[in-house]
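What follows is one structure encoded as structure tokens, with my remarks underneath.
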Amino acid sequence: LGGYNMLEAILTTLKIMGWLGVVLALVVMVNTVCGTVFNISSKKEAFSWGRLFKGLGKSLVFYLSATLMGIACTMLPYINEMITKAFGTVLLSNDILTTLSSVGVLGVVVAAIVSLGKKAIANVVKLANMAYETEEITWNVEEE
């Protein structure tokens with residue numbers, strides 16, 4: 001493994017998380033646009049810049065947290081090797097930790113997409129159902 005390889009692995013993880021950022025940005029845009037249009041059109045609420053930026057801010061914090069979790073998982077095998085060299089004791093094999101690291105990064109990526117994707121899909125469905133709603137016309141006959 002070695003120190004240089006850890007930097008290389010972290011950069012690879014950052015590249016993966018960068019592509020995750022592109023996917024999440026698209027999902028957040030779909031979620032935000034569909035949710036906002038639905039809520040305004042259905043007269044549930046008025047448009048609020050504050051609420052919009054609060055939602056975008058939460059998405060940014062979510063993405064940064066997912067990225068840091070990915071980096072932490074990537075570093076595990078390298079830290080284990082450092083401990084092994086320093087103390088001469090193998091706690092877990094590097095093969096196991098490398099596998100767990102890969103699964104950890106993949107788990108973070110999948111969890112992030114699923115979590116935000118569910119909301120986006122729900123808002124797309126709400127908006128689609130709204131497009132097909134028909135108004136009920138009633139004829140009240142009033143006699144004078």
Side-chain angles (χ1 to χ4, degrees), residues 1-87 90-142:
L1 290 171
Y4 177 73
N5 289 338
M6 180 167 68
L7 181 59
E8 208 172 274
I10 290 172
L11 291 174
T12 300
T13 298
L14 287 173
K15 186 168 132 183
I16 292 167
M17 297 311 277
W19 283 110
L20 170 67
V22 171
V23 172
L24 287 179
L26 294 172
V27 170
V28 165
M29 283 192 292
V30 168
N31 184 35
T32 303
V33 169
C34 291
T36 302
V37 169
F38 175 78
N39 288 336
I40 291 172
S41 297
S42 64
K43 311 267 191 267
K44 284 187 173 183
E45 57 191 63
F47 179 77
S48 165
W49 283 105
R51 185 161 182 226
L52 175 67
F53 288 125
K54 183 179 173 184
L56 293 175
K58 282 196 247 179
S59 297
L60 180 63
V61 168
F62 179 79
Y63 170 69
L64 291 175
S65 299
T67 300
L68 292 175
M69 282 297 300
I71 292 170
C73 290
T74 301
M75 292 175 69
L76 284 176
Y78 299 96
I79 292 170
N80 184 58
E81 183 177 296
M82 289 177 201
I83 291 170
T84 301
K85 285 181 180 175
F87 300 107
V90 177
L91 299 175
L92 291 170
S93 77
N94 273 343
D95 290 340
I96 291 172
L97 282 176
T98 301
T99 302
L100 288 175
S101 171
S102 301
V103 169
V105 172
L106 182 62
V108 167
V109 169
V110 170
I113 291 172
V114 168
S115 177
L116 290 177
K118 283 187 341 187
K119 291 179 183 179
I121 290 169
N123 281 330
V124 168
V125 169
K126 280 195 270 184
L127 197 59
N129 286 337
M130 186 176 167
Y132 291 108
E133 287 179 2
T134 57
E135 288 187 31
E136 185 178 321
I137 299 174
T138 59
W139 299 91
N140 293 330
V141 179
E142 294 181 16

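Note that the coordinates shown come from a computational prediction; the quantities given were computed from them, not determined experimentally.
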### Query
From Glu81 CD over to Lys85 NZ, what is the distance, rounded to the nearest 0.5 angstrom?
4.0 Å

### Query
With a 4.5 Å heavy-atom cut-off, do Leu76 and Leu100 have their side chains touching?
no

### Query
Are Thr13 and Met17 close enough, and set up right, to give a side chain to side chain contact (heavy atoms under 4.5 Å, CB included), and what steps lead you there?
CA-CA 6 Å; Thr13 298; Met17 297 311 277; 4.1 Å; yes

### Query
When rounded to the nearest 0.5 angstrom, what is the spacing between CG in Asn31 and CG in Asn123?
4.5 Å

#### Entry: Listed partners of Ile10 passing side chain to side chain contact (heavy atoms under 4.5 Å, CB included), at least two apart
Met6, Leu14, Ile71, Thr74, Met75

### Query
Atom CG in Leu97, atom CD1 in Ile79: separation rounded to 0.5 Å?
10.0 Å

### Query
For Thr84, which residues count as a side chain to side chain contact (heavy atoms under 4.5 Å, CB included) partner, sequence neighbours excluded?
Asn80, Val90

### Query
For the residue pair Pro77 and Cys73, what are the closest heavy atoms and their distance?
CD-O, 3.8 Å

### Task
Only counting residues at least two apart or in another chain, list the ones meeting side chain to side chain contact (heavy atoms under 4.5 Å, CB included) with Val28.
Thr32, Leu56, Ser59, Leu116

### Query
Measuring from Ser48:OG to Ile40:CD1, what's the distance to the nearest 0.5 Å?
9.5 Å

### Task
May I ask you to test the Lys15-Leu11 pair for a side-chain heavy-atom distance under 4.5 Å?
no

#### Entry: Non-neighbouring partners of Phe47 that pass ring-ring contact (aromatic ring centres under 6.0 Å, His included), sequence neighbours left out
Trp49

### Message
Return the OG1 to CZ distance between Thr67 and Phe62, rounded to the nearest 0.5 Å.
### Response
10.0 Å

### CZ on Phe87 to CE on Met82, rounded to 0.5 Å
12.5 Å

### Task
Using modelled atom types only, decide if a donor and an acceptor are shared between the side chain of Tyr63 and the backbone of Ala25 within a distance under 3.5 Å.
no

### Query
Does Asn39 have any side-chain hydrogen bond (donor to acceptor under 3.5 Å, both in side chains) partners at least two apart in sequence or in another chain, and if so, which?
none

## Note on the structure
Residues pairing under side chain to side chain donor-acceptor pair (under 3.5 Å) where one sits in residues 106-115, two or more places apart or in two chains, turn out to be none

